[in-house]
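Structure first, commentary second.
The structure displayed is predicted, hence computed values, not measured ones. When a residue number appears, it is its place in the shown sequence, counting from 1.
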Amino acid sequence: MSDLNDQVHIITGAGRGIGLEVARRVAQGGATAILVARTADQVESAAATLRDMGLRAEAFVADITDPERTSALVAHVRSTYGRLDGLVNNAGANHVANLLMSKEEEWHRIFARRPRRDRCS
């Protein structure tokens with residue numbers, strides 16, 4: 001990824017794995033990478049690793065299924081950087097099991113619906 005100079009991108013699920021690698025490449029392309037994950041230690045360590053490489057990276061702790069926390073993320077990025085150029089939504093949940101053997105709690109967790117807001121502004 002190149003030609004992202006001075007852009008700001010949010011990458012969810014960026015505490016490790018694919019999300020962290022995407023954040024690294026976005027930052028190597030010249031953007032500020034906003035790494036988002038639920039686990040504070042993990043996402044802060046990931047952002048520090050990128051900063052140690054001389055890249056622009058910031059950690060933001062959030063569960064993106066929480067509309068209030070997601071709105072706070074967008075508000076923070078807009079107030080701090082004055083712009084938001086991109087989003088890589090890498091966060092997600094997965095449950096692999098035989099449907100008949102799945103516990104009801106897992107079913108509800110995966111298919112839970114939260115109140116929808118029209119837009120994060």
Side-chain angles (χ1 to χ4, degrees):
M1 290 185 188
S2 59
D3 299 329
L4 300 178
N5 288 330
D6 300 319
Q7 293 185 11
V8 179
H9 293 256
I10 293 172
I11 302 94
T12 67
R16 61 187 171 95
I18 294 170
L20 176 55
E21 180 63 17
V22 170
R24 183 182 66 79
R25 289 182 181 239
V26 164
Q28 285 177 328
T32 298
I34 311 300
L35 286 72
V36 181
R38 294 179 298 177
T39 307
D41 291 344
Q42 192 176 66
V43 74
E44 289 165 3
S45 175
T49 297
L50 297 185
R51 287 192 301 271
D52 289 347
M53 296 170 64
L55 303 172
R56 293 183 311 220
E58 178 184 345
F60 193 93
V61 179
D63 179 341
I64 63 163
T65 66
D66 179 346
E68 289 179 13
R69 198 68 186 130
T70 303
S71 291
L73 166 62
V74 173
H76 167 74
V77 170
R78 286 184 173 171
S79 69
T80 302
Y81 300 97
R83 63 188 296 162
L84 174 56
D85 299 292
L87 165 69
V88 177
N89 187 20
N90 179 64
N94 187 13
H95 177 71
V96 178
N98 178 310
L99 179 61
L100 297 176
M101 296 178 74
S102 294
K103 293 182 178 173
E104 186 175 351
E105 300 84 39
E106 285 298 316
W107 178 268
H108 288 289
R109 183 184 66 81
I110 297 214
F111 292 102
R113 300 233 178 211
R114 300 220 181 218
R116 184 176 159 216
R117 293 186 180 194
D118 287 84
R119 292 180 174 252
C120 293
S121 32

* Contact summary for L4 and V26, nearest pair of heavy atoms -> CD1-O, 3.7 Å

* To do: Please round to the nearest 0.5 Å and tell me the distance separating atom CG of L73 and atom CG of D66.
  => 11.0 Å

* **Exceeds 12 heavy-atom contacts within 6.0 angstrom, atom CZ of R83** => yes

* Are any of the side-chain heavy atoms of V77 and I10 separated by less than 4.5 Å? -> yes

* Asked: What's the shortest heavy-atom distance between I11 and A14, and which atoms?
  -> O-CB, 3.3 Å

* Linked, directly or transitively: L87 and V36 (ILVMFWY side chains, under 4.5 Å) -> yes

* Pairs meeting criterion salt bridge (charged side-chain N to carboxylate O under 4.0 Å, His left out) with involvement of residues 36-53, two or more places apart -> none

* Flag the pair L55 / R24 as yes when at least one side-chain heavy-atom distance between them is below 4.5 Å, and no otherwise. => yes

* Asked: Considering all heavy atoms of both residues, which atom of A59 and which atom of V43 are nearest to each other, and what is their separation?
  -> CB-O, 3.6 Å

* Structure fact -> Partner of L35 under side chain to side chain contact (heavy atoms under 4.5 Å, CB included), picked from T12, T49, L50, is L50

* Asked: What's the shortest heavy-atom distance between I34 and F60, and which atoms?
  -> CG2-CB, 4.2 Å

* Donor-acceptor contact present, side-chain R56 to main-chain V8, <3.5 Å -> no

* Structure fact -> Taken to the nearest 0.5 Å, the spacing of T39 OG1 from R16 CZ works out to 8.0 Å

* **Shortest non-hydrogen contact from G15 toward A37** => N-CB, 3.9 Å

* To do: Specify the closest pair of heavy atoms between A23 and A33, including all atoms of both residues, with the distance to one decimal.
  => O-CB, 3.7 Å

* Please check if the side chain of D85 supplies one atom and the backbone of H9 the other of a donor-acceptor pair under 3.5 Å. => no

* Return the set of residues passing side-chain hydrogen bond (donor to acceptor under 3.5 Å, both in side chains) with S45 (not counting sequence neighbours), or none when no residue passes. => none

